[in-house]
Q: 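Once you've had a glance at the structure underneath, I'll fire off some questions.
Each chain gets a letter, A, B and so on, in the order its sequence line appears, and its residues count up from 1.
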Amino acid sequence: MPELPEVETVRRGLAPVMEGARFAKVEQRRADLRFPFPANFARRLKGRTVESLGRRAKYLLACLDSGEMLAMHLGMSGRFTIEHGAGAKAGARELPGEFVHEASADAKHDHVVFTMSNGSVIRYNDARRFGYMTLIEPGGMDAHPLFKGLGVEPLSPAMTPRLLASRAAGRAQPLKAFLLDQRVIAGLGNIYVCEALYRAALSPLRPASALATQSGAPSAAGRLLAQAIQAVLRDAVAAGGSSLRDYRQADGSLGYFQHTFCVYGREGQLCLRGTHPSGGEMRPQTGDIGTRRAHAHERSEGGAARACGGMVERVIQNGRSTFYCPTCQK
DNA sequence: CCGACTACCTGCCCGC
DNA sequence: TGCGGGCAGGTAGTCG
């Protein structure tokens with residue numbers, strides 16, 4: 001599941017039990033996940049204190065007091081569960097991203113178990129084992145093969161129409177593949193690429209070069225897409241936090257997949273554009289209640305935003321499902 | 001450099 | 001109830 005918003009949600013859940021705590025015990029139950037664990041992985045972690053838990057793209061990064069960094073990637077099916085110890089920071093249970101370990105969980109895929117000095121037990125569970133963990137030497141992140149080629153952090157100020165245009169100029173590759181390329185933008189995955197293109201009303205089949213003009217400056221499409229990417233991710237991060245509680249009560253699991261999407265997974269259903277106050281419309285300003293209200297008001301008065309009426313289709317690009325509305329995504 | 005493709009792994013869901 | 005096929009949120013490696 002984990003694309004950037006899910007990883008960020010997990011980070012916010014883990015931070016209160018990991019930051020400031022020591023690894024009292026580290027159980028590594030197999031020699032590898034997607035890659036072999038580094039030599040003496042458990043021994044190098046044990047006794048170390050987590051100074052901060054950060055995120056880069058889809059990686060969780062625990063900075064250790066040794067100067068090393070523990071990098072964790074969730075692959076396709078990786079998840080963390082937490083059993084809270086008495087010493088966890090007050091309020092930890094209320095924070096988004098928390099998910100509670102259940103005795104019935106599929107323990108045979110619990111590959112790594114951290115017991116923290118505050119008594120909390122953190123389990124990494126990953127049925128498909130596409131995830132991985134590694135330790136990075138002090139100061140070694142920029143040169144590390146996993147990180148050196150990573151593209152721009154999409155929620156950072158560096159994620160500009162200009163950046164998109166400069167990377168997209170002259171490329172025949174479809175927008176879908178361009179946005180999935182972690183060397184350009186790091187953190188989008190199959191779902192949020194579909195959602196961002198939908199929000200920007202751009203076809204996933206369009207060549208990436210559509211994001212730039214002849215001179216290489218950002219096109220209107222490029223400006224729209226840059227904004228759509230950030231809006232989609234911000235909304236998803238916000239939803240991950242706010243919706244978690246209900247999800248947890250429902251089945252005790254992680255709160256990131258109940259989020260409903262505007263286009264992903266909606267094959268054969270009516271396009272939502274123009275049918276709902278927040279039905280995937282490209283908003284002029286994200287996260288601004290006042291603007292959103294004004295926008296809805298304008299629509300009800302002028303009737304400018306009629307329902308699209310199209311049908312969501314699924315096509316395969318690079319072996320992966322793309323969902324889009326051919327009627328409004330051009 | 002670009003772009004297409006394969007491989008890695010398990011679980012789940014569907015149709016027969 | 002079992003079995004085969006297709007599908008799943010990711011990405012590293014290979015090849016033309």
Q: Provide, to the nearest angstrom, the distance between the CG atom belonging to D181(A) and the C1' atom belonging to dG3(B).
A: 10 Å
Q: Name the atoms and distances for all side-chain donor-acceptor pairs under 3.5 Å in residues 179-186 of chain A, with sequence neighbours left out.
A:
| residue | atom | partner | partner atom | Å |
| --- | --- | --- | --- | --- |
| D181(A) | OD1 | R183(A) | N | 2.9 |
| D181(A) | OD1 | R183(A) | NE | 3.0 |
| D181(A) | OD2 | R183(A) | NH2 | 3.1 |
| Q182(A) | OE1 | G187(A) | N | 2.9 |
| Q182(A) | NE2 | L180(A) | O | 3.0 |
| Q182(A) | NE2 | L188(A) | O | 2.9 |

Q: So, using side-chain hydrogen bond (donor to acceptor under 3.5 Å, both in side chains) as the criterion, who are the partners of R171(A) when residues are at least two apart?
A: Q173(A)
Q: Give the other cluster members for Y324(A), using side-chain heavy-atom distances under 4.5 Å between Ile, Leu, Val, Met, Phe, Trp and Tyr residues; answer none if it is isolated.
A: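 Taking Ile, Leu, Val, Met, Phe, Trp and Tyr as members, Y324(A) shares its hydrophobic cluster with L205(A), V315(A).
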Q: What nitrogen or oxygen pairs link the protein and nucleotides 4-7 of chain C at under 3.5 Å?
A:
none

Q: Using only side-chain N and O atoms of H73(A), determine if any of them is under 4.0 Å from OP1 or OP2 of dT11(C).
A: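 For dT11(C), OP1/OP2 do have a side-chain N/O of H73(A) under 4.0 Å.
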Q: Measure from CG on L146(A) to C1' on dT11(C) and round the result to the nearest Å.
A: 10 Å
Q: Starting at atom CZ of R183(A), determine the distance to atom C1' of dT11(C), rounded to an integer number of angstrom.
A: 11 Å
Q: Answer yes or no: is there an ion pair linking R199(A) with E195(A), defined by an N-O contact shorter than 4.0 Å?
A: no
Q: Could you check how far CG of L150(A) sits from C1' of dA12(C), rounded to whole Å?
A: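 So the two atoms are 13 Å apart, to the nearest Å.
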Q: Whole angstrom is fine here: how far is it from CG in L60(A) over to P in dG10(C)?
A: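 Atom CG in L60(A) sits about 15 Å away from atom P in dG10(C).
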Q: Can you give me the dot-bracket string for DNA chain C, 5' to 3', counting Watson-Crick and G-U wobble pairs with both distances under 3.5 Å, using [ ] for crossing pairs and | for partners on another strand?
A: .|||||||.|||||||
Q: How long is the line joining CD1 of I191(A) and C1' of dT11(C), in whole Å?
A: 16 Å
Q: Taking only side-chain nitrogens and oxygens of Y132(A), does any of them come within less than 4.0 Å of OP1 or OP2 of dA12(C)?
A: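 Answer is yes, contact under 4.0 Å.
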Q: Between E83(A) and R123(A), is there a salt bridge with N-O shorter than 4.0 Å?
A: yes
Q: Without decimals, in angstroms, what is the distance between R171(A) CZ and dC2(B) C1'?
A: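 Answer to the nearest Å: 7 Å.
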Q: Pairs under 3.5 angstrom, nitrogen or oxygen only, protein versus nucleotides 13-15 of chain C, please.
A:
none

Q: For S215(A), check side-chain hydrogen bond (donor to acceptor under 3.5 Å, both in side chains) against everything at least two apart and list the hits.
A: T213(A)
Q: Nearest to the K58(A) side chain among dG10(C), dA12(C), dG3(B), which nucleotide is it?
A: dG10(C)
Q: What heavy-atom pair brings V50(A) and A62(A) nearest, and what distance separates the two atoms?
A: CG1-CB, 4.2 Å
Q: When we call it a touch if two heavy atoms are under 4.0 Å apart, what does Y59(A) touch: a base, just sugar-phosphate, or nothing?
A: sugar-phosphate
Q: What pairs with E68(A) under side-chain hydrogen bond (donor to acceptor under 3.5 Å, both in side chains), at least two apart in sequence or on another chain?
A: R44(A)
Q: Tell me every residue that passes salt bridge (charged side-chain N to carboxylate O under 4.0 Å, His left out) with E153(A), counting only those two or more places apart in sequence or in another chain.
A: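 In terms of salt bridge (charged side-chain N to carboxylate O under 4.0 Å, His left out), with neighbours along the sequence ignored, E153(A) is linked to R55(A), R56(A).
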Q: Under 4.5 Å between any side-chain heavy atoms of Y124(A) and L74(A), yes or no?
A: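 Side chain of Y124(A) against side chain of L74(A), heavy atoms only: contact under 4.5 Å found.
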Q: If you measure from the P atom in dT14(C) to the same atom in dC9(B), how many Å do you get, rounded?
A: 16 Å
Q: In B/S/- notation, 5' to 3', how is nucleotides 4-10 of chain B contacted by protein heavy atoms closer than 4.0 Å?
A: S---BBB
Q: Is it the case that R30(A) places NZ or CZ above or below the six-membered ring of F37(A), under 6.0 angstrom from the centre and within 45 degrees of the axis?
A: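 That pair does not qualify as a cation-pi contact.
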Q: So, using side-chain hydrogen bond (donor to acceptor under 3.5 Å, both in side chains) as the criterion, who are the partners of Q317(A) when residues are at least two apart?
A: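 Q317(A): side-chain hydrogen bond (donor to acceptor under 3.5 Å, both in side chains) contacts with T322(A).
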Q: To the nearest angstrom, how far is F178(A) atom CZ from dG3(B) atom C1'?
A: 14 Å
Q: Given side chains that start at C-beta, do those of I316(A) and R314(A) come closer than 4.5 Å, heavy atoms only?
A: yes
Q: Scan the side chains in residues 142-151 of chain A for donor-acceptor partners under 3.5 Å anywhere in the protein, sequence neighbours excluded, and list what turns up.
A:
| residue | atom | partner | partner atom | Å |
| --- | --- | --- | --- | --- |
| H144(A) | ND1 | L146(A) | N | 3.0 |

